[in-house]
Amino acid sequence: MTEKSGKTREGRAHGTGGTDDTGTGTGTGYDVVVVGGGAAGLSAALVLGRARLRTLVVDAGEPRNAPSSHMQGYLSRDGMSPAAFLAAGREEIAGYGVDLLTGRVTDVTRNGAGTGNAEFAVLLDDGRTVRARRLIVATGLKDELPAVPGVAERFGRDVLHCPFCHGWEVRDQPFGVLASSAMSVHQALMVSRWSKDVTFFLHTVAEEELSDQDLRRLAAAGVGVVPGEVAELVVEDDRLTGVRLTDGSVHARSVLYVGPRPVPQTGLLERLGAELSETPFGAYPVVDPTGLTSVSGVWAAGNAVGFAEQVVHAASGGYRAAAAIVGDLLMADLDAVVAA
């Protein structure tokens, strides 16, 4: 739990959660529980704390971008390490009295369909249960990497997946792109913006799976196409130096782009009955522009709603969800007064 100053205690006193104000007891009530403490969850918590809503963030400490030493493309935070970014976010939400708990939410049950103080019961992995009027699910996703020796060990270093995240830092080096499906052609074409020396390794994809348009575009971009399965990466002095095929041939490369299979962490949403939409990159909850799912009182943000939500997008999604909840709770409380 975070340390609270007198200032933040005053802000939290206006929350509409349960009567236990310690934030530590079984059955503790909150206005909002945010599941996930990455960019989306912390951004949401910042908005909620500033709106004087009693908020708990439960974070398992497994951010998607943990393998990276830096993040790019976030205005004013370009080049910042993911760990430093999260540490700054945790410090900021603490200043507004938001509680932060390291742990996992193992289950969520709905106690009622109305707008009362205990609409959801949130079970934590330490056995405690907290109550929440509203939920934000920002549990992100996991990247399932290709089963090629060396890929997992070097992921986030010289094995990469996003040129927008890392392309500038490795520009003009010899790139390789490891195909996982015919859709990998798009990745091979995109990375050619950052290097004119790109080799597309078909790996387990048959050349006939590529369309004529794919082949014409690859040729126009100057991307070389190499059939044959990749056996392993060649690493020397802790640097990627090549890609070895099963026929024994080695192609000198210093950067390899891969396409991880995204695995959305939607278990809690599924248990709550949220509607999911199947995509080529996994099943994600159906949400409105604010992140509201098909389950009343439950919002989702960040990579929990899509595989391409980079840090800046995730933070924006958390902000939108939190702002919507502030208005939702206010109207619910006012309607309760009017109806009394």
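Nothing here was measured: the structure is a model prediction, and the numbers come from that model.
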Do any N or O atoms from the side chain of [X] and from the backbone of [Y] form a donor-acceptor pair under 3.5 angstrom?
X	Y	result
D214	S211	yes
D143	P260	no
S81	S69	no
T266	Y284	no
S195	V198	no
D288	G291	yes
H70	M80	no

Hey, does [Y] have a side-chain heavy atom less than 4.5 Å from the side chain of [X]?
X	Y	value
E275	T293	no
F201	V243	yes
L276	V286	no
V108	L123	no
Q187	V185	no
L256	D158	no
E229	D247	no
V311	R77	no

Note: R131-E119 ion pair, threshold 4.0 Å (strictly below):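 No, R131 and E119 are not salt-bridged.
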R133 and D333 ion-paired at < 4.0 Å: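 The answer is yes: the pair qualifies as a salt bridge.
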Y319 with L53, same ILVMFWY side-chain cluster at under 4.5 Å: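 Different clusters.
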Shared hydrophobic cluster, Y96 / I136 (ILVMFWY, side-chain heavy atoms < 4.5 Å):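 Yes; tracing contacts between hydrophobic side chains, which count when under 4.5 Å, links both residues.
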F307 and F281 aromatic ring geometry - parallel, tilted or perpendicular at 30°/60° bounds: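 Answer is parallel, since the angle falls under 30°.
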Verdict with reasoning, E232 to R244, per salt bridge (Lys or Arg N to Asp or Glu O under 4.0 Å): CA-CA 5 Å; E232 63 179 356; R244 177 176 285 115; 2.5 Å; yes
Ring centroid separation W194 to F164 under 6.0 Å: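 Yes, ring centres under 6.0 Å apart.
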Separation between OG1 of T290 and CZ of R320, rounded to the nearest 0.5 Å: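 Here the rounded value is 8.5 Å.
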Residues, nucleotides or ligands: over 12 heavy atoms within 6.0 Å of R171 CZ: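 Yes - once you tally the heavy atoms of other residues, nucleotides and ligands closer than 6.0 Å, there are more than 12.
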